[in-house]
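Heads up: the structure comes next, in C-alpha cells.
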Amino acid sequence: MRALRALLAAVLVGLLPTACGEANAFPEDTTMARIKARGILTVGIKFDQPIFGYKDPASGRITGFDAEMARLVAKDLTGSERNIRFVETVSSKREDFIEQGVVDLVIATYSITPTRAKRVTFTEPYYYAGQDLLVRVGDSTINQVADLKGKTVCTARGSTSVDRLETTVPGIHLTVVDAYSICVPALIAGRVDAVSTDDTILLGLYAQHPDTLRLVGKPFAREPYGMGMRKQDTAFRDYLNGLIARWLCNGEWDRAYMATVGSPAPPPNPPNRHLPGPIAEQNDHKPFRGTCGSYGYANADRHEEREA
C-alpha cells in the first residue's frame with residue numbers, strides 16, 4: 001500500500017507547475033489563465049462547518065481545512081492567498097453553482113461519487129473522511145450504525161449520507177435539512193436522536209458542544225473529498241491535481257491539517273484512529289504520500305511558480 005501511494009504521488013507530481021525560472025503563461029482560454037487575468041479566485045465553500053468551512057460571526061473570516069486548500073490555490077494562481085472570494089455553497093447547490101458559473105470551483109467537503117461526476121469534474125481526492133454519528137452525551141442506546149433502526153436521524157439534503165443511511169439501516173427515520181447547523185439544535189433539544197455525516201464535520205460540531213454531545217467514533221463508510229469544477233475542464237483538473245500532489249509531499253497539506261482538523265481536542269478516549277491524531281501522517285485522512293521532485297504542468301506550456 002505504501003508503494004502504491006508513492007506511485008500515485010509520483011504520477012500527480014508530473015502534473016505540477018514547474019519550478020522557479022519557467023516564466024511561460026498558462027495556455028490561453030484555460031480556466032487558469034482567466035483566473036490569473038482576473039486576479040480573483042471564486043470558491044464555493046460551506047459557511048457552517050467548523051474545522052472545514054466556517055464563517056466566523058465576529059470577524060467574517062472563512063476558516064477551516066477547505067478554506068486553507070482554497071487559499072493555496074489562490075496563492076498559486078494569483079500570487080496571494082488574499083485574492084479569493086468565498087461563496088456559501090450548501091450541499092444541494094454545489095453542482096448548480098459549478099454549472100451556472102457562480103464559482104470557479106467548489107471545495108466543500110465534496111465527496112466524489114459517480115452520480116455527481118455526471119455533472120462535474122473532480123480532482124483526485126485531497127482528503128478522506130468516514131461517515132459517523134453524533135448523539136447526545138447521555139444517550140447510551142446508540143453506539144453503532146445498526147442502533148439507528150427506528151431512530152430519527154438528521155442529515156443534509158444533497159449529501160451522500162441520505163442514500164447511505166436509507167440503504168444501511170432499514171426502518172430509519174430521516175430528517176433532511178439544508179445545513180448540518182440546523183441538525184445540532186434539533187439533536188440537543190431531543191427532536192432527533194442523532195446526526196450523521198462525515199466524521200470530521202461531526203468533530204467540528206462536537207467541539208462546539210463537548211459537554212452536551214458525543215461522537216460515536218465508529219465510521220461505517222469512507223468518503224473521498226475532491227475539488228469540483230466544470231464538466232470536462234480537464235486542464236484545470238490536471239493543474240489542481242498537480243497542486244494537491246505538491247501539498248501532500250512538501251508539507252503544505254500537513255500544515256493546513258494541523259492548523260484546522262488537527263487542532264481541536266478530540267473526544268476523551270478516542271475509539272479509533274479516524275479521529276485526528278497528533279501527527280497528520282499517522283491518520284487515515286491523508287490520501288497518499290510520496291517524495292517531492294521537479295514539477296511539470298500537464299500540458300507543454302508552463303508557468304512561473306511564485307515564492308511563498
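The shown structure was predicted, so the numbers you read here are calculated from the model rather than taken from an experiment. Atoms considered below: every heavy atom in the structure, side chains included; atoms not considered: hydrogens, waters and symmetry mates.
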Under 30°, 30 to 60°, or over 60°: which ring-plane class applies to Y127 and F65, parallel, tilted or perpendicular? tilted
Answer yes or no: is there a side-chain heavy-atom contact under 4.5 Å between L240 and M229? yes
Is it the case that the side chains of S91 and K46 hold a donor-acceptor pair, with the cut-off being a distance below 3.5 Å and no angle test? yes
Taking side chain as C-beta onward, heavy atoms only, is V73 less than 4.5 Å from R71? no
Transitive ILVMFWY side-chain link L105 to F122, under 4.5 Å: no
T160 and E223: side-chain donor and acceptor closer than 3.5 Å? yes
Checking side chain to side chain contact (heavy atoms under 4.5 Å, CB included) between F52 and each of T200, I45, I107, T63, which is the one that passes? T200
Are V184 and I182 connected into the same hydrophobic cluster when the rule is that any two of I, L, V, M, F, W, Y join if their side-chain heavy atoms are below 4.5 Å apart? no
Assess, by modelled atom type and distance only, whether the side chains of Q232 and T121 contain a donor and an acceptor separated by less than 3.5 Å. no
side-chain contact (heavy atoms from CB on, under 4.5 Å) evaluation trace for R164 with F220: CA-CA 10 Å; R164 181 173 294 115; F220 53 94; 3.9 Å; yes
Taking 4.0 angstrom as the limit, do R230 and E99 come out as a salt bridge? no
Ion pair D56/R61, N-O distance below 4.0 Å: no
Taking atom types as modelled, is there a side-chain donor on Y126 or D66 under 3.5 Å from an acceptor on the other? yes
Scan side-chain atoms only and decide if Q131 and S196 contain a donor-acceptor pair under the 3.5 Å cut-off. yes
Do Y110 and F236 share a hydrophobic cluster (ILVMFWY, side-chain heavy atoms under 4.5 Å, transitive)? no
Judged by atom type as modelled, is there a donor-acceptor pair below 3.5 Å linking the side chain of D139 to the main-chain atoms of T141? yes
Looking only at heavy atoms, what is the nearest atom pair of V135 and D193, with distance? CG1-O, 3.9 Å
Side chains of I40 and I84: does their closest heavy-atom pair fall under 4.5 Å? no
With side-chain contact (heavy atoms from CB on, under 4.5 Å) as the criterion, how do I98 and D96 come out once you've worked through the C-alpha distance, each side chain's angles and the decisive distance to 0.1 Å? CA-CA 5 Å; I98 292 170; D96 292 341; over 6 Å; no
Hydrophobic cluster membership, V87 vs V43, 4.5 Å side-chain cutoff: no
Minimum-distance pair of heavy atoms, taken over all atoms of R237 and T123: CG-CA, 4.2 Å
With a 4.5 Å limit on heavy-atom distance, are the side chains of V195 and L202 in contact? yes
Cluster check Y54, V177: I/L/V/M/F/W/Y, side chain < 4.5 angstrom: no
Run the side chain to side chain donor-acceptor pair (under 3.5 Å) test on D198 and Y225 for me, step by step, so that the C-alpha distance in whole Å, both residues' side-chain angles and the decisive distance to 0.1 Å come before the verdict. CA-CA 10 Å; D198 304 340; Y225 290 170; 2.3 Å; yes
Looking at every heavy atom in both E166 and I172, which two are closest together, and how far apart are they? CA-CG2, 4.4 Å
Tell me, with the steps shown, if V137 and D211 meet side-chain contact (heavy atoms from CB on, under 4.5 Å). CA-CA 7 Å; V137 72; D211 298 325; over 6 Å; no
